[in-house]
Amino acid sequence: MRYDLVIFDNDGVLVDSEPISNRLLAAYLSELGHPTSYDDSLRDYMGAAMHRVHDLIRERTGQRLPEDFDDVFHGRVFAAFERDLEPVPGVVGVLEKLAADGVAYCVASSGSHERIRVGHRKTGLDRWFDDGRIFSSEDVGRGKPAPDLFLHAAERMGVVPEKCVVVEDSPLGVQAAIAAGMDVCGFTAMTPAAKLAGATRLFQSMGELGDLLSTHE
């Protein structure tokens, strides 16, 4: 295998959280007087850190979101996760193969450490990700599409960027991986392939990803 490190995005790649969180985000923004549809949320915020939500609302309306916005939103998301969250189909098989082959892997997410851990506990993925394998946009100054998070994860894992591959399902994440000088596999289960332009290669199911990672030379 040509890669020394596989860096997974979390939401939509490890845990099937994007439909849950984007429906709740659209509803909460609309409730606060910023009409937002589910598709609007996917387009503007999928794969982004929370500061992007604040920045875009302020840029578009001149208004600031409430100070407790993040806390209220995350409370709603975590409650929904406890009811409905599942791992992305097939991802456990990918993790099992990486572990069996001795290939290093980690997660680098725009979400908070708390959000990552809540989701992993609910889905059972916590057995695959100890603290040393979890990196959040909270750890760096700028979230995706800046390359900072992926570069931070690679540095902490002791791997140079050109020996890393990122697994992403959002345009912002693909941009960040490219900016970091890493190959990127774009996951098209939820995101149209055209929106992940620039990805090194595309795949639609985790079964395909296993093959891509093990056979690409």
Side-chain angles (χ1 to χ4, degrees), residues 7-81 84-85 88 107-116 118-119 135-150 166-180 182 184-199 202 204:
I7 304 175
F8 291 94
D9 175 43
N10 189 57
D11 294 292
V13 171
L14 293 175
V15 295
D16 194 16
S17 52
E18 293 291 9
I20 296 170
S21 58
N22 281 282
R23 285 192 184 97
L24 290 171
L25 180 57
Y28 189 25
L29 288 173
S30 298
E31 179 185 316
L32 293 173
H34 306 289
T36 305
S37 69
Y38 173 67
D39 288 338
D40 292 338
S41 184
L42 289 176
R43 181 194 66 224
D44 292 339
Y45 306 120
M46 182 173 166
M50 287 301 294
H51 68 77
R52 180 176 171 86
V53 182
H54 292 265
D55 292 346
L56 281 184
I57 292 296
R58 188 164 61 247
E59 180 183 306
R60 291 170 174 174
T61 70
Q63 300 175 22
R64 292 181 179 272
L65 291 171
E67 286 190 11
D68 64 349
F69 179 86
D70 290 12
D71 290 339
V72 172
F73 174 64
H74 284 132
R76 295 180 184 186
V77 167
F78 296 163
F81 280 2
D84 302 323
L85 191 63
V88 168
V107 57
S109 173
S110 293
S112 66
H113 279 281
E114 184 182 13
R115 177 181 172 128
I116 297 166
V118 167
F135 305 100
S136 161
S137 61
E138 291 180 323
D139 303 330
V140 296
R142 298 181 300 167
K144 306 169 189 178
D148 304 34
L149 176 56
F150 291 141
V166 176
V167 184
E168 263 289 354
D169 70 332
S170 76
L172 293 175
V174 169
Q175 292 171 40
I178 293 169
M182 300 175 182
V184 54
C185 291
F187 187 30
T188 61
M190 265 193 66
T191 308
K195 293 189 176 182
L196 300 181
L202 301 172
Q204 194 167 17

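Everything quoted here is computed from the prediction, not taken from an experiment.
Of all heavy-atom pairs between Val174 and Ala197, the closest is CG1-O, 4.1 Å. Summarising the geometry of Ser109 relative to Gly111, their closest heavy-atom pair is OG-N, 2.9 Å, with the distance given to 0.1 Å. Between Leu56 and Tyr45, the closest heavy-atom pair is CD1-CE2, 3.5 Å. Pairing each heavy atom of Val88 with each of Asp16, the nearest pair is CG2-N, 3.8 Å. The two residues Val184 and Gly198 have their closest heavy-atom pair at CG1-O, 4.4 Å.
Atom CG in Leu29 sits 7.0 Å away from atom OG in Ser41 (nearest 0.5 Å). Expressed to the nearest 0.5 Å, how far CZ of Arg23 lies from OG1 of Thr36 amounts to 15.0 Å. With rounding to the nearest 0.5 Å, the separation of OG in Ser37 from CG in Asn22 is 10.0 Å. Here the CG-OG distance, from Asp9 to Ser110, works out to 6.5 Å after rounding to the nearest 0.5 Å. Atom NE2 of His34 is separated from atom CD1 of Ile57 by 5.0 Å, given to the nearest 0.5 angstrom. Remark: Leu24 CG to Tyr38 OH distance equals 10.5 Å, nearest 0.5 Å.
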- Chi angles and distances behind the side-chain contact (heavy atoms from CB on, under 4.5 Å) call for His74, Val118: CA-CA 11 Å; His74 284 132; Val118 167; over 6 Å; no
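The aromatic rings of Phe69 and His54 sit perpendicular, their planes meeting at an angle over 60°, well past the 30° parallel limit.
Screening residues 31-40 for salt bridge (Lys or Arg N to Asp or Glu O under 4.0 Å) gives Glu31-Arg76, Asp40-Arg43 as the qualifying pairs, with residues at least two apart or on separate chains. Each salt bridge (Lys or Arg N to Asp or Glu O under 4.0 Å) pair with one or both residues in residues 188-197, not counting sequence neighbours, would appear here, but there are none.
Remark: Ser17 pairs with Asp11, Val15, Phe81, Leu85, Arg115 by the side chain to side chain contact (heavy atoms under 4.5 Å, CB included) rule, at least two apart or across chains. Partners of Leu172 according to the side chain to side chain contact (heavy atoms under 4.5 Å, CB included) rule, which considers only residues two or more places apart in sequence or in another chain, are Ala48, Arg52, Lys144, Pro145, Ser170, Gln175. Considering only residues two or more places apart in sequence or on other chains, Ala180 meets the side chain to side chain contact (heavy atoms under 4.5 Å, CB included) condition with Pro147, Phe150, Leu151, Met182. Taking the side chain to side chain contact (heavy atoms under 4.5 Å, CB included) definition, one finds that His113 meets it with Arg117, Ile134, Ser136, Glu138, Asp139, sequence neighbours left out.
A distance-only check finds a donor-acceptor pair linking the side chain of Thr191 to the backbone of Asp169 [under 3.5 Å].
Put simply, the side chain of Cys185 does not reach to within 4.5 Å of the side chain of Val166, judged on heavy atoms. For the pair Met50 and Leu65, the minimum side-chain heavy-atom distance is 4.5 Å or more.
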